[in-house]
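Some notes on the structure that comes next.
Along the sequence shown, residues carry numbers from 1. Only a predicted model underlies this, so the values are computations on that prediction, with no experimental measurement involved. Computed over heavy atoms, backbone and side chain alike; hydrogens, waters and symmetry mates excluded.
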Amino acid sequence: MTVRTGGRTGGSTAGGGTEQALVRALLDRQKRTYAAEAGIRLRDTPAPLYQALVLAVLLSARIRGEIAVAAARALFDAGLRDPRAMAKASWQERVDALGAGGYRRYDERTSTQLGKGAELVLERYGGDLRRLREEADPKKALLDIPGIGPTGADIFLREVQGVWPELAPYLDRKALDGARRLGLPASPAKLGGLVTGGDMPRFVDGLVHAALDKPLADEVRTAAGAI
(Lines give C-alpha, C1' and ligand atoms only; values in the text may rest on other atoms or scores of the structure.)
Protein backbone atom coordinates (compact mmCIF):
# COMPACT_ATOMS: atom_id res chain seq x y z
CA MET A 1 0.00 0.00 0.00
CA THR A 2 1.39 3.39 -0.99
CA VAL A 3 -0.20 6.61 0.24
CA ARG A 4 0.92 9.73 -1.54
CA THR A 5 1.94 12.73 0.46
CA GLY A 6 0.48 16.08 -0.35
CA GLY A 7 -0.35 19.52 0.87
CA ARG A 8 -3.37 20.82 2.60
CA THR A 9 -6.60 20.99 0.64
CA GLY A 10 -9.04 23.84 0.86
CA GLY A 11 -12.48 23.99 2.43
CA SER A 12 -13.54 22.01 5.48
CA THR A 13 -11.69 18.82 4.58
CA ALA A 14 -8.83 17.38 6.58
CA GLY A 15 -5.28 18.70 6.24
CA GLY A 16 -2.62 16.80 4.31
CA GLY A 17 -1.31 14.74 7.23
CA THR A 18 -4.79 13.83 8.38
CA GLU A 19 -5.81 12.91 4.83
CA GLN A 20 -2.91 10.47 4.63
CA ALA A 21 -3.85 8.98 8.01
CA LEU A 22 -7.49 8.59 6.87
CA VAL A 23 -6.42 6.84 3.66
CA ARG A 24 -4.13 4.45 5.55
CA ALA A 25 -6.85 3.67 8.10
CA LEU A 26 -9.39 3.05 5.35
CA LEU A 27 -7.11 0.79 3.31
CA ASP A 28 -6.17 -1.14 6.46
CA ARG A 29 -9.86 -2.05 6.76
CA GLN A 30 -10.65 -2.45 3.06
CA LYS A 31 -8.43 -5.44 2.34
CA ARG A 32 -10.08 -6.40 -0.96
CA THR A 33 -12.29 -4.94 -3.65
CA TYR A 34 -15.81 -6.18 -4.31
CA ALA A 35 -14.42 -8.00 -7.35
CA ALA A 36 -11.76 -9.78 -5.32
CA GLU A 37 -14.35 -10.76 -2.71
CA ALA A 38 -16.37 -12.35 -5.53
CA GLY A 39 -13.33 -14.39 -6.55
CA ILE A 40 -12.59 -12.34 -9.66
CA ARG A 41 -8.90 -12.02 -10.52
CA LEU A 42 -9.35 -8.85 -12.49
CA ARG A 43 -7.20 -8.58 -15.60
CA ASP A 44 -7.68 -7.00 -19.00
CA THR A 45 -8.88 -10.26 -20.49
CA PRO A 46 -12.39 -11.34 -21.56
CA ALA A 47 -13.47 -13.66 -18.74
CA PRO A 48 -12.67 -11.49 -15.69
CA LEU A 49 -14.02 -8.37 -17.41
CA TYR A 50 -17.29 -10.19 -18.06
CA GLN A 51 -17.36 -11.42 -14.46
CA ALA A 52 -16.96 -7.81 -13.30
CA LEU A 53 -19.96 -6.92 -15.46
CA VAL A 54 -22.05 -9.68 -13.85
CA LEU A 55 -21.04 -8.41 -10.42
CA ALA A 56 -22.05 -4.88 -11.41
CA VAL A 57 -25.52 -6.13 -12.41
CA LEU A 58 -25.91 -7.87 -9.05
CA LEU A 59 -24.58 -4.99 -6.94
CA SER A 60 -26.80 -2.41 -8.61
CA ALA A 61 -29.99 -3.96 -7.22
CA ARG A 62 -31.41 -2.86 -3.85
CA ILE A 63 -29.73 -5.69 -2.00
CA ARG A 64 -26.86 -5.98 0.46
CA GLY A 65 -23.42 -6.02 -1.06
CA GLU A 66 -22.40 -9.26 0.62
CA ILE A 67 -25.41 -11.03 -0.91
CA ALA A 68 -24.55 -9.73 -4.37
CA VAL A 69 -20.96 -10.92 -3.93
CA ALA A 70 -22.14 -14.36 -2.74
CA ALA A 71 -24.49 -14.63 -5.72
CA ALA A 72 -21.67 -13.78 -8.12
CA ARG A 73 -19.52 -16.50 -6.60
CA ALA A 74 -22.41 -18.97 -6.89
CA LEU A 75 -22.89 -18.14 -10.58
CA PHE A 76 -19.18 -18.58 -11.26
CA ASP A 77 -19.08 -21.83 -9.25
CA ALA A 78 -21.92 -23.07 -11.47
CA GLY A 79 -19.65 -22.52 -14.48
CA LEU A 80 -21.27 -19.28 -15.66
CA ARG A 81 -17.99 -17.40 -15.95
CA ASP A 82 -18.21 -16.08 -19.50
CA PRO A 83 -20.99 -14.73 -21.73
CA ARG A 84 -21.24 -17.87 -23.83
CA ALA A 85 -21.84 -20.07 -20.78
CA MET A 86 -24.28 -17.54 -19.34
CA ALA A 87 -26.27 -17.32 -22.56
CA LYS A 88 -26.28 -21.12 -22.99
CA ALA A 89 -27.57 -21.77 -19.46
CA SER A 90 -31.30 -22.07 -19.02
CA TRP A 91 -33.27 -19.39 -17.24
CA GLN A 92 -33.91 -21.85 -14.38
CA GLU A 93 -30.23 -22.73 -14.07
CA ARG A 94 -29.41 -19.06 -13.60
CA VAL A 95 -32.24 -18.67 -11.06
CA ASP A 96 -30.99 -21.69 -9.13
CA ALA A 97 -27.42 -20.35 -9.01
CA LEU A 98 -28.63 -16.95 -7.84
CA GLY A 99 -30.75 -18.62 -5.16
CA ALA A 100 -27.77 -20.65 -3.99
CA GLY A 101 -26.03 -17.34 -3.33
CA GLY A 102 -28.99 -15.98 -1.40
CA TYR A 103 -30.07 -13.62 -4.18
CA ARG A 104 -33.75 -14.51 -4.03
CA ARG A 105 -35.67 -11.24 -4.08
CA TYR A 106 -34.65 -10.34 -7.63
CA ASP A 107 -33.56 -13.76 -8.90
CA GLU A 108 -36.13 -14.18 -11.69
CA ARG A 109 -35.72 -10.70 -13.16
CA THR A 110 -31.95 -10.87 -12.82
CA SER A 111 -31.80 -14.26 -14.52
CA THR A 112 -33.55 -12.77 -17.54
CA GLN A 113 -31.24 -9.73 -17.53
CA LEU A 114 -28.11 -11.86 -17.32
CA GLY A 115 -29.24 -14.02 -20.22
CA LYS A 116 -30.11 -11.06 -22.45
CA GLY A 117 -27.00 -9.19 -21.38
CA ALA A 118 -24.77 -12.14 -22.28
CA GLU A 119 -26.39 -12.31 -25.71
CA LEU A 120 -25.72 -8.61 -26.30
CA VAL A 121 -22.08 -8.93 -25.21
CA LEU A 122 -21.66 -11.83 -27.64
CA GLU A 123 -23.38 -10.07 -30.53
CA ARG A 124 -21.83 -6.60 -30.11
CA TYR A 125 -18.40 -7.40 -28.70
CA GLY A 126 -17.82 -11.01 -29.70
CA GLY A 127 -17.79 -11.86 -25.98
CA ASP A 128 -14.77 -9.60 -25.39
CA LEU A 129 -15.42 -6.49 -23.30
CA ARG A 130 -12.00 -5.10 -24.20
CA ARG A 131 -13.87 -3.84 -27.25
CA LEU A 132 -16.10 -1.84 -24.91
CA ARG A 133 -12.95 -0.03 -23.80
CA GLU A 134 -12.58 1.23 -27.38
CA GLU A 135 -16.00 2.89 -27.38
CA ALA A 136 -16.02 6.70 -27.49
CA ASP A 137 -18.12 6.68 -24.30
CA PRO A 138 -17.83 3.34 -22.43
CA LYS A 139 -20.36 4.38 -19.79
CA LYS A 140 -22.98 5.22 -22.40
CA ALA A 141 -22.31 1.92 -24.17
CA LEU A 142 -22.72 0.02 -20.91
CA LEU A 143 -26.24 1.39 -20.53
CA ASP A 144 -27.31 -0.69 -23.55
CA ILE A 145 -26.67 -3.90 -21.60
CA PRO A 146 -29.76 -5.31 -19.85
CA GLY A 147 -29.47 -4.99 -16.10
CA ILE A 148 -26.96 -2.14 -16.30
CA GLY A 149 -28.25 1.33 -15.44
CA PRO A 150 -26.22 4.36 -14.37
CA THR A 151 -25.41 2.76 -10.99
CA GLY A 152 -24.30 -0.51 -12.55
CA ALA A 153 -22.16 1.32 -15.11
CA ASP A 154 -20.47 3.26 -12.32
CA ILE A 155 -19.80 0.05 -10.38
CA PHE A 156 -18.25 -1.65 -13.41
CA LEU A 157 -16.05 1.30 -14.30
CA ARG A 158 -14.80 1.88 -10.77
CA GLU A 159 -13.89 -1.83 -10.51
CA VAL A 160 -12.01 -2.01 -13.83
CA GLN A 161 -10.09 1.26 -13.51
CA GLY A 162 -7.16 -0.74 -12.19
CA VAL A 163 -6.80 -2.50 -15.54
CA TRP A 164 -8.13 0.38 -17.65
CA PRO A 165 -5.96 3.13 -16.13
CA GLU A 166 -7.22 5.81 -18.52
CA LEU A 167 -10.43 5.80 -16.46
CA ALA A 168 -8.68 6.58 -13.18
CA PRO A 169 -9.50 8.18 -10.91
CA TYR A 170 -13.08 6.95 -11.37
CA LEU A 171 -15.19 7.92 -8.37
CA ASP A 172 -18.97 7.74 -8.57
CA ARG A 173 -21.45 9.63 -6.41
CA LYS A 174 -21.47 6.95 -3.71
CA ALA A 175 -17.68 7.04 -3.40
CA LEU A 176 -17.73 10.83 -3.14
CA ASP A 177 -20.40 10.54 -0.42
CA GLY A 178 -17.97 8.32 1.48
CA ALA A 179 -15.17 10.83 1.04
CA ARG A 180 -17.35 13.58 2.51
CA ARG A 181 -18.31 11.39 5.45
CA LEU A 182 -14.64 10.76 6.22
CA GLY A 183 -13.70 14.43 5.82
CA LEU A 184 -11.70 13.85 2.63
CA PRO A 185 -12.00 16.18 -0.37
CA ALA A 186 -15.01 15.37 -2.57
CA SER A 187 -12.95 15.93 -5.72
CA PRO A 188 -11.95 13.01 -7.99
CA ALA A 189 -8.70 14.75 -8.93
CA LYS A 190 -7.72 15.38 -5.29
CA LEU A 191 -8.75 11.90 -4.16
CA GLY A 192 -6.84 10.38 -7.07
CA GLY A 193 -3.72 12.09 -5.80
CA LEU A 194 -3.93 10.43 -2.39
CA VAL A 195 -3.05 6.87 -3.49
CA THR A 196 -1.06 5.17 -6.20
CA GLY A 197 -2.88 3.66 -9.18
CA GLY A 198 -2.69 0.08 -7.93
CA ASP A 199 -4.58 0.95 -4.77
CA MET A 200 -7.23 3.09 -6.47
CA PRO A 201 -9.95 0.41 -6.93
CA ARG A 202 -9.59 -0.73 -3.30
CA PHE A 203 -9.58 2.88 -2.09
CA VAL A 204 -12.73 3.70 -4.05
CA ASP A 205 -14.50 0.57 -2.78
CA GLY A 206 -13.47 1.59 0.73
CA LEU A 207 -15.07 4.99 0.21
CA VAL A 208 -18.27 3.27 -0.92
CA HIS A 209 -18.23 1.13 2.22
CA ALA A 210 -17.76 4.29 4.30
CA ALA A 211 -20.78 5.85 2.61
CA LEU A 212 -22.91 2.80 3.39
CA ASP A 213 -21.59 2.07 6.89
CA LYS A 214 -21.40 5.02 9.30
CA PRO A 215 -19.85 2.95 12.14
CA LEU A 216 -17.04 1.98 9.74
CA ALA A 217 -16.52 5.62 8.79
CA ASP A 218 -16.41 6.61 12.45
CA GLU A 219 -13.90 3.83 13.16
CA VAL A 220 -11.67 5.06 10.33
CA ARG A 221 -11.85 8.65 11.54
CA THR A 222 -11.05 7.61 15.10
CA ALA A 223 -8.07 5.50 13.99
CA ALA A 224 -6.76 8.43 11.94
CA GLY A 225 -7.15 10.85 14.82
CA ALA A 226 -9.72 12.84 12.89
CA ILE A 227 -12.31 12.75 15.71
Cationic N near anionic O, under 4.0 Å, [X] to [Y]:
X: R94; Y: D107; result: no
X: D128; Y: R130; result: yes
X: K214; Y: D218; result: yes

**Item:** Whichever hydrophobic residues join V95 through chains of side-chain contacts under 4.5 Å
**Value:** W91

Nearest-0.5 Å distance that lies between atom [atom1] in [X] and atom [atom2] in [Y]:
X: S60; Y: Q113; atom1: OG; atom2: CD; value: 7.5 Å
X: Q161; Y: L157; atom1: CD; atom2: CG; value: 9.0 Å
X: I40; Y: L55; atom1: CD1; atom2: CG; value: 5.0 Å
X: L132; Y: L142; atom1: CG; atom2: CG; value: 4.5 Å
X: K88; Y: L122; atom1: NZ; atom2: CG; value: 12.5 Å
X: L59; Y: R64; atom1: CG; atom2: CZ; value: 13.0 Å

Pair up each side-chain donor or acceptor in residues 176-184 with any protein partner under 3.5 Å, not counting sequence neighbours, and list the distances.
| unit_1 | atom_1 | unit_2 | atom_2 | d |
| --- | --- | --- | --- | --- |
| D177 | OD1 | R180 | NH1 | 3.0 |
| R181 | NH1 | A210 | O | 3.3 |
| R181 | NH1 | A211 | O | 3.0 |

Under 3.5 Å, is there a donor-acceptor pair between the side chain of [X] and the main chain of [Y]?
X: R32; Y: E37; value: no
X: E119; Y: K116; value: no
X: R133; Y: L129; value: no

**Message:** Show, in sequence, the C-alpha distance, side-chain angles and deciding distance for L58 and Y106, and conclude whether the side-chain contact (heavy atoms from CB on, under 4.5 Å) test is met.
**Reply:** CA-CA 9 Å; L58 300 176; Y106 302 103; over 6 Å; no

So which atom in [X] and which in [Y] form the shortest heavy-atom distance, rounded to 0.1 Å?
X: G192; Y: P169; result: CA-CB, 3.8 Å
X: R43; Y: L49; result: O-CG, 3.7 Å
X: R81; Y: A85; result: N-CB, 4.5 Å
X: G117; Y: I145; result: CA-CG2, 4.0 Å
X: A97; Y: L75; result: CB-CD2, 3.7 Å
X: A56; Y: G152; result: CB-O, 3.5 Å

Transitive ILVMFWY side-chain link [X] to [Y], under 4.5 Å:
X: L120; Y: V54; result: yes
X: V204; Y: L53; result: no
X: L80; Y: I67; result: yes
X: L171; Y: W164; result: no
X: V208; Y: V220; result: no

With a 4.5 Å cut-off on side-chain heavy atoms, are [Y] and [X] touching?
X: L22; Y: L26; value: no
X: I148; Y: I155; value: no
X: E93; Y: S111; value: no

**Asked** Under the side-chain hydrogen bond (donor to acceptor under 3.5 Å, both in side chains) criterion, do E135 and Y125 qualify, and how do the steps go?
**Response** CA-CA 11 Å; E135 295 273 11; Y125 301 112; 2.9 Å; yes

**Request:** Before giving the answer on side-chain contact (heavy atoms from CB on, under 4.5 Å), spell out for Q51 and F76 the whole-Å C-alpha distance, their side-chain angles and the decisive distance to 0.1 Å.
**Result:** CA-CA 8 Å; Q51 291 161 20; F76 305 150; 3.5 Å; yes

**Request:** Begin with the C-alpha distance, continue with both residues' side-chain angles, and end with the deciding distance and a verdict on salt bridge (charged side-chain N to carboxylate O under 4.0 Å, His left out) for K174 and D154.
**Result:** CA-CA 9 Å; K174 187 64 70 177; D154 282 337; over 6 Å; no

**Message:** Please evaluate residues R158 and D205 with respect to the criterion salt bridge (charged side-chain N to carboxylate O under 4.0 Å, His left out), reporting the C-alpha separation (whole Å), side-chain torsions for both, the decisive distance (0.1 Å), and the verdict.
**Reply:** CA-CA 8 Å; R158 78 183 189 220; D205 277 5; 3.5 Å; yes

**Asked** When the ring planes of H209 and Y34 are compared, do they come out parallel, tilted or perpendicular, using 30° and 60° as the limits?
**Response** parallel

**Message:** Run the side-chain contact (heavy atoms from CB on, under 4.5 Å) test on T110 and L114 for me, step by step, so that the C-alpha distance in whole Å, both residues' side-chain angles and the decisive distance to 0.1 Å come before the verdict.
**Reply:** CA-CA 6 Å; T110 302; L114 289 173; 4.0 Å; yes

**Item:** Distance-only polar pair, side chains of E159 and Y170, donor-acceptor under 3.5 Å
**Value:** no

**Request:** With side-chain contact (heavy atoms from CB on, under 4.5 Å) as the test, would you mind laying out the steps for L194 and Q20 before giving the verdict?
**Result:** CA-CA 7 Å; L194 295 177; Q20 295 154 30; 5.6 Å; no

**Asked** Do D199 and R202 pass the salt bridge (charged side-chain N to carboxylate O under 4.0 Å, His left out) test, and can you show the C-alpha distance, the side-chain angles, and the key distance before you say yes or no?
**Response** CA-CA 5 Å; D199 281 326; R202 188 160 59 96; 3.1 Å; yes

